[in-house]
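From a predicted model like this one, the values you see are computed outputs, not experimental measurements. Computed from heavy atoms alone, side chains included, the values below leave out hydrogens, waters and symmetry copies. Residue numbers begin at 1 in each chain, while the letters A, B, ... track the order of the sequences.
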Protein chains: 2
Amino acid sequence: MKSKMSIDTLGEYLKDNGVKPSYQRLKIFEYLVQNKNHPTVDTIHRSLLPHIPTLSKTTVYNTLSLFIEKGITQLITIEENEGRYDAAVASHGHFKCLECSNVYDFEFEIKDSGVSGIEGFKVDEKHLYFKGVCKDCLSRK
Amino acid sequence: MKSKMSIDTLGEYLKDNGVKPSYQRLKIFEYLVQNKNHPTVDTIHRSLLPHIPTLSKTTVYNTLSLFIEKGITQLITIEENEGRYDAAVASHGHFKCLECSNVYDFEFEIKDSGVSGIEGFKVDEKHLYFKGVCKDCLSRK
DNA sequence: GTATCTGCAAAACATTTGCAATTCT
DNA sequence: AGAATTGCAAATGTTTTGCAGATAC
């Protein structure tokens, strides 16, 4: 999912995935696609409220659940007590900087030979999150 | 941390890590060591209540925070809204079976060459959780 | 006009905090 | 007694649920 995408194209994308593109849904999905900073429900709601003054958090919750159900959004869990959402596609890892709190994406590859203890298990999802200090915060010292 | 360990030994272990071994703390730590099923606060509380009828959830929360602060327990986050605790030591991954909900530990090794996008970052913690179907549930079909 | 979608208000949970009672030495 | 620990009750914060009103086709 590219960041630059017209509302019309987003609407088509939603339809293709079985989501009727209401105004709220379009705006929420547009936000997810344009803001790859893994927002929380609250962040999304606060950001959209100026544009959609009647938007309720319930609708944000409903909409995100729907997106997840349709497979176009992913819920990532780094800390407890803060769900974060991601207009998901390919599997990728998340790096949280302990200084600036930013969450960065990264690509990973894990070979079967690098894992032991769950031989014979069927693995459907691989989630990785790392924590540490990002390059920017390191260079600021 | 071995599963078979006398209360006395556990007490020594707590002391060695700067935790005064009160009865509640001993029992909570003993539970963690003996039940490697990554319990939630509620699970721990429910399990110990028959033995310690006055035990409050606040104490379970306080105690686990203390354990984490002292580095003898680890908080793992697989789903949002359910903290799970682990008498932690070496870094290991967690596999959650989507059928039986059990959480299994596994060992992993990730080579730097298998990761791209966070070059130059300082990585302090690597968390992995996989989801899928465990061997037992697979063979039951 | 009937289905669906939205959003308010209340409920349900998990976690934290303030403080008083209890325990330990 | 003095310090640390425990636990009740209330506060906080997030997510879910029930339902009535609004919107869309």
Per-nucleotide protein contact string for nucleotides 19-25 of chain D, where B marks a base within reach and S marks sugar-phosphate only (heavy atoms under 4.0 Å, - for neither): -------

In 5'-to-3' order, the base (B), backbone-only (S) or no-contact (-) status of each nucleotide in nucleotides 6-11 of chain C, using a 4.0 angstrom heavy-atom cut-off, is SBBB--

Table of protein N/O atoms under 3.5 Å from nucleotides 19-25 of chain C N/O atoms:
none

Atom-pair distance ([atom1] on [X]; [atom2] on [N]), nearest Å:
X: B/Leu66; N: C/dT16; atom1: CG; atom2: C1'; result: 16 Å
X: B/Leu64; N: D/dT5; atom1: CG; atom2: C1'; result: 15 Å
X: B/Leu49; N: D/dC8; atom1: CG; atom2: C1'; result: 14 Å
X: B/Leu75; N: C/dA14; atom1: CG; atom2: P; result: 15 Å
X: B/Arg46; N: C/dC13; atom1: CZ; atom2: C1'; result: 13 Å

Could you measure the distance from the [atom1] atom of [X] to the [atom2] atom of [Y]? Nearest 0.5 Å is fine.
X: A/Leu64; Y: A/Ile44; atom1: CG; atom2: CD1; result: 4.5 Å
X: A/Leu128; Y: A/Phe108; atom1: CG; atom2: CZ; result: 4.5 Å
X: B/Leu66; Y: B/Ile28; atom1: CG; atom2: CD1; result: 10.0 Å

Who pairs with B/Tyr61 by ring pair (Phe, Tyr, Trp, His ring centres under 6.0 Å), at least two apart in sequence or on another chain?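 Expected list: none.
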
In Watson-Crick or G-U wobble terms, both distances under 3.5 Å, what is the partner of C/dA3?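 By the stated definition (distances under 3.5 Å), nothing pairs with C/dA3.
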
Please name the nucleotide paired to D/dT23 by Watson-Crick or G-U wobble geometry with both distances under 3.5 Å, or report none. none

Side chains of A/Asn102 and A/Asp136, heavy atoms from C-beta outward: is any pair under 4.5 Å?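 Of all side-chain heavy-atom pairs linking A/Asp136 with A/Asn102, none is under 4.5 Å.
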
Check whether any side-chain heavy atom of B/Lys27 sits under 4.5 Å from a side-chain heavy atom of B/Glu30, and report yes or no. yes

Is the distance from OP1 or OP2 of C/dT15 to the nearest side-chain N or O of B/Tyr61 less than 4.0 Å?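 Looking at the OP1 and OP2 atoms of C/dT15, one of them is under 4.0 Å from a side-chain N or O of B/Tyr61.
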
Parallel under 30°, tilted from 30 to 60°, perpendicular over 60°: which one fits the rings of A/Tyr129 and B/Tyr129?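 If you compare the ring of A/Tyr129 with that of B/Tyr129, the planes turn out perpendicular.
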
Going by side-chain contact (heavy atoms from CB on, under 4.5 Å), name the residues that satisfy it together with B/Glu99, two or more places apart in sequence or in a different chain.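 Partners of B/Glu99 under the side-chain contact (heavy atoms from CB on, under 4.5 Å) test: B/Cys97, B/Val133, B/Cys137, B/Lys141.
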
For B/Lys135, side-chain contact (heavy atoms from CB on, under 4.5 Å) partners two or more places apart: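 Counting only residues at least two positions away or on another chain, B/Lys135 forms a side-chain contact (heavy atoms from CB on, under 4.5 Å) with A/Phe121.
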
Answer yes or no: are there more than 12 heavy-atom neighbours, outside B/Asp16 itself, under 6.0 Å from its atom CG? yes

So that I know where these two stand, are B/Tyr85 and B/Phe67 an aromatic pair - ring centroids less than 6.0 Å apart?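 They do not qualify: ring centres at least 6.0 Å apart.
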
